[in-house]
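All of these numbers come straight from a predicted model, not from anything done at the bench. The sequence lines fix the lettering, A, B, ..., with proteins before strands; numbering per chain opens at 1.
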2 protein chains.
Amino acid sequence: MLKNSHGKPGQHRERHTMKSEHIPKATIGRLAVYIQVLENLLRDGTEVISSEKLASACSVNSSQIRKDLAYFGEFGVRGVGYYVQELITSIKHSLGIDRVWNCALIGVGNLGTALLRHHDFEQRGFVIKAAFDCDPDKIGKELEGMEIVCPTHLKNQAKERGIELGIITTPPDRAQRAANHLVDAGIKGIVNYAPARINVPPHIPVEYVDFFDHLYSLAFQVTLGNFEG
Amino acid sequence: MLKNSHGKPGQHRERHTMKSEHIPKATIGRLAVYIQVLENLLRDGTEVISSEKLASACSVNSSQIRKDLAYFGEFGVRGVGYYVQELITSIKHSLGIDRVWNCALIGVGNLGTALLRHHDFEQRGFVIKAAFDCDPDKIGKELEGMEIVCPTHLKNQAKERGIELGIITTPPDRAQRAANHLVDAGIKGIVNYAPARINVPPHIPVEYVDFFDHLYSLAFQVTLGNFEG
DNA sequence: CGCTGTGAACGCGTTCACAGCC
DNA sequence: GGCTGTGAACGCGTTCACAGCG
């Protein structure tokens with residue numbers, strides 16, 4: 001009765017419909033990059049761009065861009081290129097980020113607080129609608145106009161507030177319990193910032209974020225470079 | 001005159017020496033995951049683990065783990081498995097994160113401030129030694145015991161304080177300028193949190209971090225799931 | 001003519017299967 | 001017997017090359 005909320009009852013289907021079933025994960029990652037670069041181009045007043053130019057701005061192969069986009073539709077104009085604004089809109093629609101996603105955050109520690117404070121999430125369409133923590137000292141307190149609630153209330157709140165995604169920012173040993181609460185509440189997907197793996201039913205996608213992965217990767221590359229240089 | 005370096009005439013070879021020249025980027029990413037899981041295992045008192053068990057904890061194939069580790073050496077014991085503590089140490093050494101990396105941060109806005117405040121970086125061996133911003137209102141102010149300095153001083157400070165890595169947390173339109181400062185200061189690698197691509201000489205590795213990539217990916221997967229379900 | 005969209009070729013990372021060692 | 005380390009096989013994403021359309 002409330003599940004079917006992913007946007008206007010779609011009888012009208014435009015040209016921007018999925019073409020293929022399986023899309024490489026790497027493609028999704030690159031689409032995010034394309035958006036980033038395209039938005040900066042738009043800010044600078046560029047209206048049209050070729051796959052060649054966009055490719056070099058993104059440091060990828062131009063066929064790559066055309067292939068990536070082709071998974072979702074035909075967004076370009078032969079002999080011309082892509083209209084920047086239109087392409088941004090199309091990519092966002094393809095990714096499903098042309099709408100608002102209501103989120104629940106579990107774990108109001110350092111990181112959780114930082115995420116609540118900085119409103120970049122909202123700007124990108126991910127609105128944190130409720131904050132949870134099992135620490136009795138925190139429960140009842142307010143943060144950014146949001147009351148911190150015990151995770152046992154997650155199920156009610158999720159239904160009440162139309163929450164679809166969960167954000168885990170607990171310490172590692174609490175991550176699994178947080179995940180269980182989210183699953184139990186019928187959440188559709190989880191972003192896990194806690195440095196621990198979690199187990200959830202296979203139909204629920206989980207994205208792991210570790211802020212240090214990239215630093216590790218960088219350290220490795222620099223170390224390697226030193227051997228060669 | 002310096003290219004031919006991938007087969008250094010290694011007279012003394014320990015067991016923890018690189019075996020192969022090229023290592024897949026995906027492997028590096030997984031090593032970070034292995035560390036995460038192994039450290040949690042260690043906390044729970046596990047001393048030895050097989051590739052099979054570790055694999056299922058990391059949701060990867062067990063051959064994958066053995067292959068990944070084999071790039072760097074032979075860390076396991078046949079018929080037994082891997083000693084957890086020893087493996088953590090070995091992986092960290094392989095990645096070059098068994099030491100301290102001094103970093104400079106450019107852009108003391110929302111994100112930059114958050115990174116300076118939370119000392120998770122230091123815990124993992126990445127110490128922010130200096131903070132820069134070109135905003136006159138911010139220059140001279142202190143934050144977490146660190147004076148905010150004009151980026152024109154980067155070069156001096158970098159030498160003085162032994163800074164090797166740069167962290168960009170500026171707005172997108174300032175990212176390139178920040179990168180130029182870092183390159184000019186002789187920095188060896190850059191992590192770019194700004195939502196913009198940057199151009200640097202090819203020998204300087206750049207890692208891009210966008211906190212929303214994973215949210216986009218999640219949104220996409222959930223959207224897709226809804227169509228299928 | 002220019003640039004997109006795409007089947008075919010390629011290369012690389014992943015998985016398999018087993019030899020090698022404890 | 002058990003589990004690691006690894007060459008061989010596989011599969012998939014990337015790149016090439018060109019047909020197709022504006």
Side-chain angles (χ1 to χ4, degrees), chain A residues 15-34 38 41 46-84 86-87 90-91 94 217 220, chain B residues 6 13-34 38 41 46-84 86-88 90-91 94 217 220:
Chain A
R15 55 193 273 263
H16 304 310
T17 344
M18 196 84 59
K19 273 189 167 179
S20 174
E21 331 67 53
H22 176 239
I23 286 137
K25 204 154 188 207
T27 292
I28 305 302
R30 281 190 299 268
L31 289 181
V33 174
Y34 303 158
L38 288 167
L41 284 168
T46 311
E47 290 183 353
V48 188
I49 192 164
S50 67
S51 63
E52 199 70 53
K53 290 244 180 69
L54 181 56
S56 81
C58 300
S59 307
V60 300
N61 188 296
S62 66
S63 315
Q64 186 81 81
I65 292 193
R66 297 197 297 277
K67 262 272 152 72
D68 285 340
L69 296 177
Y71 283 119
F72 298 94
E74 310 200 355
F75 304 129
V77 182
R78 288 162 201 243
V80 180
Y82 301 87
Y83 292 96
V84 176
E86 203 182 299
L87 186 53
S90 301
I91 295 178
S94 301
S217 178
F220 172 68
Chain B
H6 64 92
R13 161 184 351 160
E14 299 171 48
R15 55 194 278 268
H16 300 312
T17 343
M18 197 84 58
K19 275 189 166 177
S20 174
E21 329 68 55
H22 176 238
I23 286 140
K25 204 155 187 204
T27 292
I28 304 303
R30 281 191 299 268
L31 290 181
V33 175
Y34 303 158
L38 288 167
L41 283 169
T46 310
E47 291 184 351
V48 187
I49 192 165
S50 68
S51 64
E52 199 69 53
K53 290 244 179 69
L54 181 57
S56 82
C58 299
S59 305
V60 302
N61 187 297
S62 66
S63 316
Q64 186 80 81
I65 292 193
R66 298 198 296 277
K67 260 278 151 70
D68 285 341
L69 297 177
Y71 284 119
F72 298 95
E74 308 200 357
F75 304 130
V77 181
R78 287 162 202 242
V80 179
Y82 301 88
Y83 291 97
V84 176
E86 202 181 301
L87 186 53
I88 293 173
S90 299
I91 295 178
S94 301
S217 178
F220 172 68

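- Protein atom CD1 of Ile49(A) is 10 Å distant from nucleotide atom P of dT4(C), rounded to whole Å.
- The nearest heavy atom of DNA chain C to Val80(A) and to Thr27(B) marks one nucleotide each, and the one closer to the 5' end goes with Val80(A).
- Put simply, CD1 on Ile23(B) is 16 Å from C1' on dT14(C), counting in whole angstrom units.
- At the phosphate of dG5(D), OP1 or OP2 sits under 4.0 Å from a side-chain N or O atom of Tyr82(B).
- In this structure, of dC16(D), dG5(D), dC22(C), it is dC22(C) that holds the atom nearest to the side chain of Val77(B).
- Among the nucleotides dA17(C), dG2(D), dG13(C), the one closest to the side chain of Arg78(B) is dG2(D).
- In the set dA17(C), dT4(D), dG5(C), the nucleotide with an atom closest to the side chain of Ser63(B) is dA17(C).
- Within the 4.0 angstrom heavy-atom criterion, only backbone atoms of the sugar-phosphate kind lie near Ser50(B); the bases stay farther away.
- Pro24(A) is listed as a side-chain neighbour of Tyr71(A), based on a closest heavy-atom distance under 4.5 Å.
- The nucleotide whose nearest atom lies closest to any side-chain atom of Gln64(A) is, among dT4(D), dT15(D), dC16(C), dT15(D).
- No hydrogens or angles were tested; on distance alone, nothing pairs the side chain of Lys67(B) with the base of dT6(D) as donor and acceptor under 3.5 Å.
- Across dA17(C), dG5(C), dT14(C), the shortest atom-to-atom separation from the side chain of Glu74(A) is found for dG5(C).
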